[in-house]
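In what follows, chains are A, B, ... by sequence order, proteins preceding strands, each numbered from 1. Small disclaimer: the values here were computed from a predicted structure and weren't measured.
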Protein chains: 2
Amino acid sequence: MKPQTQKNTAMTTNSKIKALDRIDISILDTLQKEGRIANVDLAKKVNLSASPCIDRVKRLEKEGFIEGYGARLNSSKLGYGTAAFIQVTLDRTTSDVFDKFRDAVVQIPQVAECHMVAGGFDYLLKLRLPNMEAYRSILAKIVDLPGVAQTHTYVVIEQVKNDQGLPLKLHADASTPPAAG
Amino acid sequence: MKPQTQKNTAMTTNSKIKALDRIDISILDTLQKEGRIANVDLAKKVNLSASPCIDRVKRLEKEGFIEGYGARLNSSKLGYGTAAFIQVTLDRTTSDVFDKFRDAVVQIPQVAECHMVAGGFDYLLKLRLPNMEAYRSILAKIVDLPGVAQTHTYVVIEQVKNDQGLPLKLHADASTPPAAG
DNA sequence: CCATTTAACCGTATATAATTCTGCCAATGA
DNA sequence: TCATTGGCAGAATTATATACGGTTAAATGG
């Protein structure tokens with residue numbers, strides 16, 4: 001039996017999260033690009049054997065750096081080839097109005113993203129649509145959402161860049177970890 | 001040696017791509033949420049045995065419905081907790097100006113997305129940043145990009161929704177596939 | 001400077017899963 | 001009806017994940 005010395009410092013969680021070294025970063029960078037890579041191959045890539053490699057992956061998952069894994073699907077081939085952004089201004093900026101709008105907007109499947117923004121209007125929405133016809137009916141839904149005063153739409157003509165990954169820096173030395181828990 | 005009857009109908013590719021049935025959709029929907037699910041478990045989920053299930057996954061990959069797999073990383077914990085949108089207007093709308101701007105903007109790692117849009121300005125950029133300090137230096141880079149006439153920034157205060165997945169419809173019957181090659 | 005402790009690593013062994021192969025069944029068309 | 005095709009299940013094989021034990025290197029304290 002250990003004395004259990006209650007040595008809590010100023011940490012949010014009680015589990016100790018150490019800073020990430022360059023191998024962790026390399027694992028994260030690899031996994032965000034090749035999420036289904038075999039552990040054996042991942043280990044090779046980061047110059048580790050299989051066992052410590054999978055230990056690190058498990059740790060990164062447990063500590064929340066990795067939130068999950070997902071397949072990247074071809075949106076055009078699956079009937080979502082059109083994208084549009086909609087700026088939304090609400091008629092009043094009370095928290096009640098905001099809450100109602102948010103609760104309603106997240107329910108719409110075609111709304112891929114909804115960001116509350118500062119700088120002129122209130123919300124910026126990103127829509128995924130099969131075509132421009134579908135846009136009409138979605139816009140009708142959105143202008144009817146609670147609190148919506150006005151909207152402005154920008155239709156995407158061309159996706160120049162669409163990186164989902166984070167630009168993780170792969171340092172040459174392990175002494176300068178770019179992120180911590 | 002086969003006669004090679006040259007029976008091409010109006011298809012873009014020469015390899016035959018059949019319409020997706022409800023099992024395919026179910027596989028895609030599962031994989032976009034749980035990209036690292038074991039084939040055995042995926043098979044159970046879609047009411048199939050392991051072998052036809054992996055056959056379908058391989059087919060969906062080969063036909064381009066699945067473009068890849070990736071880990072979903074926690075951007076805040078990895079030093080990219082701040083997001084911002086920048087509207088960019090170019091000084092001239094010649095294709096030469098557009099090309100130069102695009103070539104330059106895709107090189108900036110902090111530019112997560114760049115969309116050419118219709119409806120008032122020319123490009124909409126989405127940035128990932130560690131904090132607001134980083135924003136200053138990035139904006140300086142962007143206004144110096146070739147052809148940029150003016151910009152307007154919207155800083156994201158709160159991410160209400162950020163679905164990367166497509167809202168795939170899981171039909172009850174297999175006779176109405178929602179997508180084809 | 002040396003002993004002790006700790007943490008991370010590697011290689012092996014076992015369990016689990018992926019993948020391939022064979023045969024069966026149903027749907028399709030002659 | 002019969003032949004053909006396509007898709008499926010289950011078994012066998014191969015590969016991978018995972019748990020275990022021993023080793024090394026670095027940090028800590030005397």
Side-chain angles (χ1 to χ4, degrees), chain A residues 1-5 7 9 11 14-28 30-31 34-63 65-66 68-71 171-177 179-181, chain B residues 2-5 7 9 11 14-28 30-31 33-63 65-66 68-69 71 171 173-177 179-181:
Chain A
M1 287 278 189
K2 290 198 180 165
Q4 192 83 5
T5 38
K7 214 171 143 188
T9 54
M11 287 180 75
N14 50 5
S15 61
K16 48 196 167 184
I17 296 183
K18 305 200 342 189
L20 302 180
D21 63 15
R22 72 180 182 84
I23 298 178
D24 291 321
I25 297 296
S26 184
I27 287 173
L28 292 174
T30 303
L31 284 179
E34 300 173 64
R36 239 185 154 172
I37 189 174
N39 182 55
V40 184
D41 299 330
L42 177 62
K44 254 177 244 167
K45 198 159 200 166
V46 302
N47 298 317
L48 232 56
S49 72
S51 12
C53 185
I54 203 166
D55 286 348
R56 279 170 183 262
V57 172
K58 288 282 154 65
R59 180 171 58 82
L60 291 168
E61 288 170 356
K62 194 179 157 199
E63 291 175 352
F65 293 100
I66 298 171
Y69 300 87
H171 299 265
D173 82 299
S175 60
T176 54
Chain B
K2 288 198 179 165
Q4 192 85 2
T5 39
K7 211 173 145 187
T9 54
M11 286 179 73
N14 52 5
S15 61
K16 48 195 167 186
I17 296 182
K18 306 202 337 188
L20 303 180
D21 64 13
R22 72 180 182 84
I23 299 178
D24 292 321
I25 298 296
S26 184
I27 287 173
L28 291 174
T30 303
L31 283 180
K33 290 166 187 154
E34 300 174 64
R36 242 187 151 171
I37 189 175
N39 182 57
V40 183
D41 299 330
L42 176 63
K44 256 178 243 166
K45 197 159 200 167
V46 302
N47 298 318
L48 231 57
S49 73
S51 18
C53 184
I54 203 166
D55 286 348
R56 280 170 182 262
V57 172
K58 287 282 154 65
R59 180 171 59 82
L60 292 167
E61 289 170 356
K62 195 180 156 197
E63 291 175 353
F65 294 100
I66 298 171
Y69 300 87
H171 300 265
D173 82 298
S175 61
T176 55

J.: Give me the atom names and distance for the closest heavy-atom approach of A:Asn39 to A:Ala50.
T.: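 For A:Asn39 versus A:Ala50, the nearest heavy atoms are ND2-O, 3.1 Å.
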J.: Just report the end-to-end axis angle for the helix from C:dC1-D:dG30 to C:dA30-D:dT1, five pairs per end, to 10 degrees.
T.: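 Axis-to-axis angle, ends of the helix: 30°.
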J.: What pair of heavy atoms forms the shortest contact from A:Ile66 to B:Ala71, and how long is it?
T.: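 The pair with the smallest heavy-atom distance is CG2-CB, 4.2 Å.
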J.: Evaluate the side-chain contact (heavy atoms from CB on, under 4.5 Å) criterion for residues B:Leu20 and B:Leu28: first the C-alpha distance (whole Å), next the side-chain angles of each, then the deciding distance (0.1 Å), finally the verdict.
T.: CA-CA 10 Å; B:Leu20 303 180; B:Leu28 291 174; 4.0 Å; yes
J.: Can you name the nearest heavy-atom pair linking B:Asp24 to B:Asp21, along with the distance?
T.: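 Minimum heavy-atom contact is N-OD1, 2.9 Å.
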J.: Could you report the tightest heavy-atom contact between A:Arg36 and B:Ile37, atom names first, then the distance?
T.: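 Answer, listing the atom of A:Arg36 first, then B:Ile37: NH2-O, 3.0 Å.
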J.: Using side-chain heavy atoms (C-beta onward) and a distance below 4.5 Å, is B:Glu34 in contact with B:Asp41?
T.: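 Answer no - side chains too far apart.
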J.: Using a 4.0 Å heavy-atom cut-off, write out nucleotides 7-17 of chain D from 5' to 3' as B (base contacted by protein), S (sugar-phosphate only) or - (no contact).
T.: SSBB-----SS
J.: List the atom of B:Ser26, the atom of B:Val46, and the distance in Å for their closest heavy-atom pair.
T.: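 The pair with the smallest heavy-atom distance is OG-CG1, 3.4 Å.
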